[in-house]
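Notes for the one structure printed next.
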Amino acid sequence: MSTLQELLKEKIPAYRAETQRILRDHGDKVLSQVTVQQAYGGMRGVKGMICDTSVVEPDKGLIIRGHPILTIKDLRPEEVFFLLLTGEKPDKEARAALQTEFDRRSQVPEYVWDTIHALPHNTPPMSMLATGILVMQRESVFRQWYDKGMKREDYWLAMLGDALSILAKIPVIAAGVYRIRYYKGSPMTWTHGLDLGANYANMLGLADPEGHLAKLMRLYLNFHSDHEGGNVSANTCHTVGSALSDAYYAVSAGLNGLAGPLHGLANQECIRWILELMERFGGVPTEEQMAEFSFETLRSGRVIPGYGHAVLRVVDPRFTGLHEFGEKYMPEDSVFQCVDRVFKVVPKVLKAYSKERVAAGKNPIANFWPNVDAVSGSLVYHYGLTEFPYYTVLFSVSRVMGMLSQLVLNRAIGSPITRPKSVSTAWIKREMGTKKAAKKPAKKKSSKKASSKKAKRKGR
Ligand code: AMX
């Protein structure tokens, strides 16, 4: 098989032609209508962008290039990256070539460490990571080629170069952030020939005599690699990249979105909640105690972290995959046992609580099932990674695979600058009022005058 770059070179002309064909044949068809509720509500459910790397089905979860995530859980993370970009799994040769690329690009410039060391010691790990990526912007091949007058059809190639460099360096920087931030020693270096997951686990410097943490890290990176295009980090990265900002700018912006409590930070909240629960009852609580604690959380106005989802309506298959890992490698671990019991109790509690909410005139809870964050923290905790504020960094190392793949493909098809239309509150009030008024018979105004006024408004 060809290398990643050769395969993309073969495929991109067809991908471009297909895009043009779709636009020519279907360009004026309607994908979605937008309600006022959606305009105020984070554009939920509005179909308004294209993403070919993966889809998230409410009843199936994450599907990467047609493969449900659990069917590709044993791939190495770089194979998932290859799949995200090309739609194909690499063969042995393509995998080896990709490994050589990562080995060659993994050296982190010294000024990155100087910058991270210069930050105040209590800087959150996510700020350290995003700073580390941003400060490397001066290395961008895309920027250098662009400044020399790069042709539009080569954008993807320059973007791919930056993507490979960021992906090779981010595990090194992320592991270095862990070691610097938590006083574990100097950053460690990339081992040539080791895959992304094993390298990352190794550079954290935690004991892993049987290689189980490396195994977990591969699974973790695969499961968090992509979640279609509309989530905050992917969408932010896409928007910044659409201005032809390079991958360093775009990815660090995406990481800043991932750092939010409603997105990548939720995994920290989950483990915190589990440990609070165990502390309250002096170990793994009974199901009754768990239900009591859960209702207490909900009635105090907080959410149960790790449960519910904006899109999913079933148990997140990524939860299932990580839960199976826990059952196999740490069945006696009390934190994992607690997570396992929570899974038996919380969906019933949420169901009952949702009825209370509805009775009180509030929205029902749409999904009672666990998402990936309900279990992921307990597994890394088992291997000694107990510093919760770091957990979003783990997520970041993985999610850059999706962000970078989408950036490369968007430059390949020549996605234009993102520019949705916003409307003002005054516009909403006027337009919605106009519709209502339109039902009433018009007063004496001449129809010519009225229509010219309407046209003026539309032209604004
Ligand atoms: N506990 C308590 N209440 C919950 C809940 C939970 N686990 N999940 C949903 N609800 C509430 C919502 O807060 C919302 O209340 P509101 O109408 O008063 O604002 C109501 O139920 C309806 O919400 P929904 O339509 O079911 O979900 P949503 O799309 O608004 O929110 C999500 C989705 C994930 C933010 C929400 O389920 C939640 O806060 N879950 C807990 C946090 C979590 O696990 N986040 C991780 C998400 C995955 C990720 O990005 N990493």
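One-based numbering, in listed order, for ligands and for the atoms of each.
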Flag, side chain of Q38 to backbone of M43, donor-acceptor distance under 3.5 Å: no
Note: [X]-[Y] ion pair, threshold 4.0 Å (strictly below):
X: E139; Y: R105; value: no
X: E88; Y: R65; value: no
X: E276; Y: R280; value: no

Check: [Y] and [X] side chains under 4.5 Å, non-hydrogen atoms:
X: F319; Y: F223; answer: no
X: Y353; Y: F295; answer: yes
X: R179; Y: S186; answer: no

Under 4.0 Å from a heavy atom of [X]: give me the atoms of ligand 1 that qualify, with their elements.
X: N363; result: 17 (O)
X: R44; result: 29 (O)
X: P364; result: 20 (C), 22 (C)
X: L298; result: 1 (N), 2 (C)
X: D373; result: 46 (C), 48 (C), 49 (C), 51 (N)

For [atom], closest protein heavy-atom neighbour:
atom: atom 41 (C) of ligand 1; value: Y307 O, 3.3 Å
atom: atom 1 (N) of ligand 1; value: I304 N, 3.0 Å
atom: atom 34 (C) of ligand 1; value: H309 CA, 3.8 Å
atom: atom 35 (C) of ligand 1; value: L262 CD2, 4.8 Å
atom: atom 50 (O) of ligand 1; value: H263 ND1, 3.6 Å

Could you list all the side chain to side chain donor-acceptor pair (under 3.5 Å) pairs where at least one residue sits in residues 363-381, not counting sequence neighbours?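 Listed by first then second residue: nothing to list.
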[X] N/O to ligand 1 N/O under 3.5 Å:
X: A266; answer: no
X: G306; answer: yes
X: A366; answer: yes

Quick check, are the ring centers of [X] and [Y] under 6.0 angstrom apart?
X: Y248; Y: F142; value: no
X: H212; Y: F325; value: no
X: H227; Y: H309; value: yes
X: F395; Y: Y391; value: no

Nearest candidate to atom 10 (N) of ligand 1, where distance is taken over non-hydrogen atoms, out of I365, V372, L258: I365
Regarding atom 16 (P) of ligand 1: of the candidates R399, K362, R357, which has the closest heavy atom?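 Residue with the shortest heavy-atom distance to the ligand atom: R357.
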Looking at [atom], tell me if a protein heavy atom falls under 4.0 Å from it.
atom: atom 32 (C) of ligand 1; answer: no
atom: atom 45 (N) of ligand 1; answer: yes
atom: atom 12 (C) of ligand 1; answer: no
atom: atom 22 (C) of ligand 1; answer: yes
atom: atom 26 (O) of ligand 1; answer: yes

May I ask you to identify, for [X], whether its side chain, its backbone, both or neither come under 4.0 Å of ligand 1 on a heavy-atom basis?
X: S354; result: neither
X: V303; result: both
X: E269; result: neither
X: N371; result: side chain

Show, in sequence, the C-alpha distance, side-chain angles and deciding distance for K184 and E387, and conclude whether the salt bridge (charged side-chain N to carboxylate O under 4.0 Å, His left out) test is met. CA-CA 12 Å; K184 305 279 180 185; E387 296 83 358; 3.2 Å; yes
Among R218, R95, Q99, which residue satisfies the side-chain hydrogen bond (donor to acceptor under 3.5 Å, both in side chains) criterion with D195?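 Filter result, single survivor: R218.
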